[in-house]
Amino acid sequence: MDQFYISKNAKIGDGAQIGVGAVVYDNVVIGKNAVIEPFSIIGSAAKGAHKGKVLEIGDNCIIRSHSVIYEGSKIGEDFQTGHHTLVREGVTAGKSLHIGSFSDIEGDCCFGNYVSCHSYVHVGKYSNIGSFVKLYSLVTLTNDPLPPSNIVRGSKLEDGVVVCVGSTVLPGAHMGIGSFAPAGVLVQGQIEAGAVVPRSEGERILSVSSLMDFESGTRHPWMRHFKESYPSETHEEIEWINEKIRNQK
Amino acid sequence: MDQFYISKNAKIGDGAQIGVGAVVYDNVVIGKNAVIEPFSIIGSAAKGAHKGKVLEIGDNCIIRSHSVIYEGSKIGEDFQTGHHTLVREGVTAGKSLHIGSFSDIEGDCCFGNYVSCHSYVHVGKYSNIGSFVKLYSLVTLTNDPLPPSNIVRGSKLEDGVVVCVGSTVLPGAHMGIGSFAPAGVLVQGQIEAGAVVPRSEGERILSVSSLMDFESGTRHPWMRHFKESYPSETHEEIEWINEKIRNQK
Amino acid sequence: MDQFYISKNAKIGDGAQIGVGAVVYDNVVIGKNAVIEPFSIIGSAAKGAHKGKVLEIGDNCIIRSHSVIYEGSKIGEDFQTGHHTLVREGVTAGKSLHIGSFSDIEGDCCFGNYVSCHSYVHVGKYSNIGSFVKLYSLVTLTNDPLPPSNIVRGSKLEDGVVVCVGSTVLPGAHMGIGSFAPAGVLVQGQIEAGAVVPRSEGERILSVSSLMDFESGTRHPWMRHFKESYPSETHEEIEWINEKIRNQK
């Protein structure tokens, strides 16, 4: 029961648990209490501007099995991945980034704090994602407005944005604070703060306050009923986002 | 050419072929003639209610490479996975569950007999799936009716249901016996036995008998032309499902 | 830092870099300068007609980590895969096939030269794909016209075709030279050369020349602005495709 290959140049903090078959290359600096599961590869060689740059990951990360994380990114504490994930070079992320199984973070993008991606989420290059953002399964953030072209235009998702299962965010889209894309839509252009992305063009644009689960009586904005899922030190910031949405209406 | 790590506490029946780099942890009981391919991880530690519980898999399983199966599930004989699959804790499955490559079974869900999932199928927690169900590529069974919330409401798919490529089953949906979702739809609410899920609200609801391949003259219900793909001891049960659909119309 | 298992019967050309934990089985012939990353499996045993047949891969391949490639295919030079890919038996591919991370090539299909697939692309059996084709993330090429049935009817994508993110090509579809499917559509039947697949039935069919990025003034056909992304020896062929599209209008 051996680790497979851990570079002597990698710096891994105290309390690490490194699974069988994990590979850790040179330019890796990981904080305390890391969990790195079997068949993961940490610090894969990048090309271009990020080549040879450090991969820095904060304390308490959990990198689940068969994950691949390139060198040249800086990721905050409490980072978690599912199984079979891919994180390319040039990512900047705050604390508590969680990416689900089979997710693909293409690099050169940034995340605020407490962003969570479910499974099969694909974040294209030059995406700019705020804090407390939720991307559900099969969500894709694209960046080529005229495929194929060499134009690259990322999207911007402000704090508190939710994109539901199977939706695609088109290049250059800007989702305002607390806006919401339902399942299976194409998100394009400017989405107002606290707005629900319409399913088809020309449809009336509703506020997230119109979203309700009748059976339980629970209503959006999600800050009303989901705040407690985040640590208490974040509640003030979440309330501030909620306030912004309320003022929009 | 060694196995990587096989726990002495794991019980694996006679005739097993275990690939290089397979990892099998403690709480694992597998039947006869198992095939476990390289870089698979069997019996990963679960959290919560399933922690430390046994993973039981019946005879003749084929677990293809890079698969991850948690402890705390009970899966019948003739279980097969594709490559790069994930099966979380708390799954109960009958015989002949087949899950395709890159599929993600999130746990706390149940399957009847002869269920088959193609690739990239995501089965959310609390899904309840009958027998002879077919889920095609990129099908997602969701469970949060107001994302994000802490409400969890699984869907129920009765015997003989078919969900085609890229469709999403929304929380709490109930697909009646032998009902059919075409490619790329959102399935919600109650779908009658033998009905085709309409592509948009208000569209007339057709029976599966209206589904036909003109070129070959083949018609649904699929029990007419696909029964022979299952072993003969199942044919009576498949005929019974067919009868139920016919009586519905 | 050892390779895991490399068969003595495998033939791998000079200059290869084989990562830790790579597995290469018997019936494998790979050209010069191959890169095979950790936890990949090359030459997995096929069933049926391709059983025991050679997997032949040309010079300069890059097979990224956790990839699985079956025996019984013939793939040209400059082949590249992303991470966590799957290529089943019976593939014939020209030069410079690039398949993105988490892609699944189901086998018994063919590719021309310079085909590129982004991530999570699923190419079903009996797909017939020309040269300079681009398939974006989550594109699925299906083959069962009446799921489930035992009818298998592949699709045909001519040279220069583009299928954007999340679109599904239905069984038997034939996309003419240089035709274009936007994001999230179902492609069915015959698509004329240089046509844009309409989002809904009955919608007017536009030419790819109508596709434009206003911000940069870039226009389709893509051969106008993207030709330089391919090596100069291909430019004449790309111009020929462009000519075909222009003549169509």
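Labels below follow one simple rule: chain letters A, B, ... track the order of the sequence lines, proteins then strands, and each chain is numbered from 1. Please read all numbers here as calculations on a predicted model, not as lab measurements.
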Determine whether a donor-acceptor pair (N or O, by modelled atom type, separation under 3.5 Å) exists between the side chain of [X] and the backbone of [Y].
| X | Y | answer |
| --- | --- | --- |
| H66(B) | S67(C) | no |
| Y120(C) | L138(B) | no |
| H84(B) | V68(C) | no |

Least distance between heavy atoms, [X] atom then [Y] atom:
| X | Y | answer |
| --- | --- | --- |
| S119(B) | H122(C) | OG-ND1, 2.9 Å |
| V162(B) | P147(C) | CG1-O, 3.7 Å |
| P148(C) | K134(B) | CB-CE, 3.9 Å |

* Asked: In terms of heavy-atom pairs under 4.5 Å, which option from S103(C), G124(C), G172(C) contacts chain B the most?
  -> S103(C)
* Between chain B and each of I151(C), L170(C), T168(C), count heavy-atom pairs under 4.5 Å; write down the option with the most. => I151(C)
[X], [atom1] atom: more than 12 neighbouring heavy atoms under 6.0 Å:
| X | atom1 | value |
| --- | --- | --- |
| K74(C) | NZ | no |
| E201(C) | CD | no |
| E236(B) | CD | no |

What part of [X] lies closer than 4.5 angstrom to a heavy atom of chain B: side chain, backbone, both or neither?
| X | value |
| --- | --- |
| S40(C) | backbone |
| T85(C) | backbone |
| S149(C) | both |
| L186(C) | side chain |

* Could you tell me the separation between the CD atom of E228(B) and the CG atom of N150(C), rounded to the nearest 0.5 Å? => 10.0 Å
* Asked: Given that the side chain runs from C-beta out, which part of R219(B) has a heavy atom under 4.5 Å from chain C: side chain, backbone, both or neither?
  -> backbone
* Asked: Where does T218(B) contact chain C at under 4.5 Å (heavy atoms): side chain, backbone, both or neither?
  -> both
* **Chi angles and distances behind the side-chain contact (heavy atoms from CB on, under 4.5 Å) call for H220(B), L146(C)** => CA-CA 8 Å; H220(B) 269 297; L146(C) 192 71; 3.4 Å; yes
* Take Y136(B) and D144(C) through the test side-chain contact (heavy atoms from CB on, under 4.5 Å) and record every step on the way to the result. => CA-CA 11 Å; Y136(B) 286 88; D144(C) 179 351; 4.1 Å; yes
* Under 6.0 Å between ring centres, would you say that holds for Y70(C) and H83(B)? -> yes
* State which residue, out of T140(C), L141(C), V169(C), fulfils the side-chain contact (heavy atoms from CB on, under 4.5 Å) condition with V165(B). => T140(C)
